[in-house]
Amino acid sequence: MRVDTENVDKVLIENDLVVMHKADKVHFMDKPHFHDGFEIHFTLTNGTTYQIDERKFVADAGSVALFSSEELHRVTIDRSKLYERYFILFRPSFIEEFTANFPFLLDIFSKQRKRDCTELTSAQRIQVIDLYEKMIAYNRQRENPLNLLRLKLTLTELLVFLNELFYDDEQSHKPISYEHHQTISDIISYIKREYMNEITLGDLSDHFFISKSTITRVFKSVLGMTPNQYVIYTRIMKSREYLEQGYSVRQVAEKVGYKDESSYIKKFKELQSESPKQYQLKIINDRRS
């Protein structure tokens, strides 16, 4: 796992999967981040705050949150607390043997999912911890083909469990409200629709009848970044999808709103820690292996 916090806190997934159990008092995430895959985050600490794009949740111990590869997110906790959690990050290709026949397994990460965060019962917590511990053990010895298979099967079992869980309305967390929540939500929806076009702070101000200073202040307060930075992150995250579809770097740059291919490559490397071509080749190699 590589962490680079110079421009944005982010975690890139190596070997298709990272699974960990961590407990510490030094966790601080002042900026959102994104992954080149999916994350299943299971907190064992009360008062864990999840920020997923414009949505914010406060969850207690025993809650599970889902993050897709196209969402900026961050997790914050009172610094006086011991922050304990399990998490797994994986690329869809890691379990394509199963999702090829059962593609709905990954629907819980889609944009159309009904919820982001769900609280577990005591029995469910024990079940999830057991699955995480098995995956951690199998991952340590994944060079053994049988353990690699066990790892994939256990992750698939977790996904089956979460599919059942996340479609149960009774246990879902509801987003908490905050100042200008609806405005931020509307602006983010607008950016996600229009990211390929030029979007200036003035454009947003005129479109939503809000001062530029208010938009900037609220974005920094809620998301830890400016609207312009959010546009850049949205473009880079979306560009990965086009790269995976086989478009050339030049074509992708144009599709996500960059007139200058070199500017796109520079921004991609800043946020992804590799060039668009390197990312594309990695995806191709993953599919062949």
Side-chain angles (χ1 to χ4, degrees), residues 1-5 8-24 27 29 31-45 48 50-53 57 59 63-77 83-99 105-111 113 116-118 128-129 131-142 147-148 150-163 165-166 233 236-237 240-241 243-244 271-274 278-279 282-283 285-287 289:
M1 183 170 62
R2 303 193 304 270
V3 180
D4 178 352
T5 58
V8 58
D9 296 329
K10 65 180 181 298
V11 180
L12 304 182
I13 305 169
E14 294 183 353
N15 299 321
D16 290 328
L17 178 142
V18 174
V19 58
M20 288 189 176
H21 172 218
K22 298 185 72 175
D24 53 56
H27 179 84
M29 189 181 297
K31 297 178 182 178
H33 66 263
F34 64 91
H35 307 301
D36 53 343
F38 299 145
E39 179 177 2
I40 303 169
H41 190 284
F42 175 50
T43 184
L44 295 173
T45 303
T48 299
Y50 293 112
Q51 179 87 45
I52 308 172
D53 281 338
F57 307 83
S63 295
V64 172
L66 305 178
F67 310 132
S68 80
S69 58
E70 296 184 6
E71 292 171 320
L72 291 175
H73 58 273
R74 62 176 167 176
V75 184
T76 55
I77 194 78
Y83 176 40
E84 185 175 7
R85 69 278 192 197
Y86 285 89
F87 61 87
I88 184 167
L89 301 92
F90 68 97
R91 296 197 192 101
S93 58
F94 182 71
I95 52 170
E96 62 185 357
E97 303 98 320
F98 306 104
T99 56
L105 282 173
L106 299 178
D107 286 351
I108 53 175
F109 297 98
S110 72
K111 298 176 183 177
R113 70 174 183 260
D116 305 275
C117 185
T118 293
V128 167
I129 289 174
L131 291 173
Y132 267 105
E133 289 292 345
K134 285 180 178 178
M135 287 189 290
I136 290 170
Y138 296 146
N139 193 46
R140 288 183 182 136
Q141 299 180 343
R142 61 183 290 172
N147 281 332
L148 180 59
R150 293 184 181 106
L151 176 59
K152 293 185 178 187
L153 287 169
T154 308
L155 173 56
T156 303
E157 184 179 351
L158 177 61
L159 289 172
V160 170
F161 170 81
L162 292 176
N163 268 270
L165 185 68
F166 270 74
Y233 292 178
I236 298 306
M237 287 188 290
R240 296 181 306 188
E241 181 180 325
L243 290 169
E244 292 170 17
L271 299 183
Q272 195 69 35
S273 294
E274 59 190 347
Q278 288 172 324
Y279 178 84
K282 179 179 66 179
I283 296 300
N285 291 332
D286 286 345
R287 288 171 177 169
S289 61

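All heavy atoms count here, side chains included; hydrogens, waters and symmetry mates do not. Residues: numbered from 1 along the sequence shown.
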Indicate the atoms forming the closest heavy-atom contact of [X] with [Y], along with that distance.
X    : Y    : answer
T43  : R85  : CA-CB, 4.1 Å
F94  : L155 : CD2-CD2, 3.9 Å
S69  : F38  : N-CD2, 3.8 Å
V128 : F161 : CG2-CE2, 3.4 Å
R240 : H35  : NH1-O, 2.8 Å
P32  : R74  : CA-CB, 3.9 Å

- Task: Measure up the F87 and H41 rings against each other and bin them: parallel (under 30°), tilted (30 to 60°), perpendicular (over 60°).
- Result: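 Parallel.
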- Item | Partner residues of E157 under the side-chain hydrogen bond (donor to acceptor under 3.5 Å, both in side chains) criterion, sequence neighbours left out |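 Checked E157 against side-chain hydrogen bond (donor to acceptor under 3.5 Å, both in side chains); zero matches.
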Distance in Å, [X] [atom1] paired with [Y] [atom2], rounded so as to fall on 0.5 Å steps:
X    : Y    : atom1 : atom2 : result
R91  : D36  : CZ    : CG    : 4.5 Å
I95  : K152 : CD1   : NZ    : 9.0 Å
F42  : I88  : CZ    : CD1   : 13.5 Å
T156 : L151 : OG1   : CG    : 9.0 Å
I52  : H73  : CD1   : NE2   : 8.0 Å
D116 : F109 : CG    : CZ    : 11.5 Å

Quick check against the 3.5 Å criterion: does [X] have a side-chain atom that pairs as donor or acceptor with the backbone of [Y]?
X    : Y    : answer
S68  : S110 : no
E97  : T99  : no
N163 : L105 : yes

Is there side-chain contact between [X] and [Y], with at least one heavy-atom pair below 4.5 Å?
X    : Y    : result
M20  : Y132 : no
I108 : L165 : no
F90  : V19  : no
M237 : L271 : no

- Partner set under side-chain contact (heavy atoms from CB on, under 4.5 Å) for Q141, not counting sequence neighbours: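 In terms of side-chain contact (heavy atoms from CB on, under 4.5 Å), with neighbours along the sequence ignored, Q141 is linked to E143, N147.
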- salt_bridge(D16, K282) N-O dist < 4.0 Å: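 Between K282 and D16 there is no salt bridge, as every charged N stays at least 4.0 Å from the carboxylate O atoms.
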Exercise answer: donor-acceptor pairs, residues 133-140 side-chain atoms, under 3.5 Å, sequence neighbours excluded:
| unit_1 | atom_1 | unit_2 | atom_2 | d |
| --- | --- | --- | --- | --- |
| E133 | OE2 | Y86 | OH | 2.5 |
| K134 | NZ | D130 | OD2 | 3.4 |
| N139 | OD1 | R142 | NH1 | 3.2 |

- Message: Please evaluate residues Y279 and E244 with respect to the criterion side-chain contact (heavy atoms from CB on, under 4.5 Å), reporting the C-alpha separation (whole Å), side-chain torsions for both, the decisive distance (0.1 Å), and the verdict.
- Response: CA-CA 9 Å; Y279 178 84; E244 292 170 17; 2.5 Å; yes
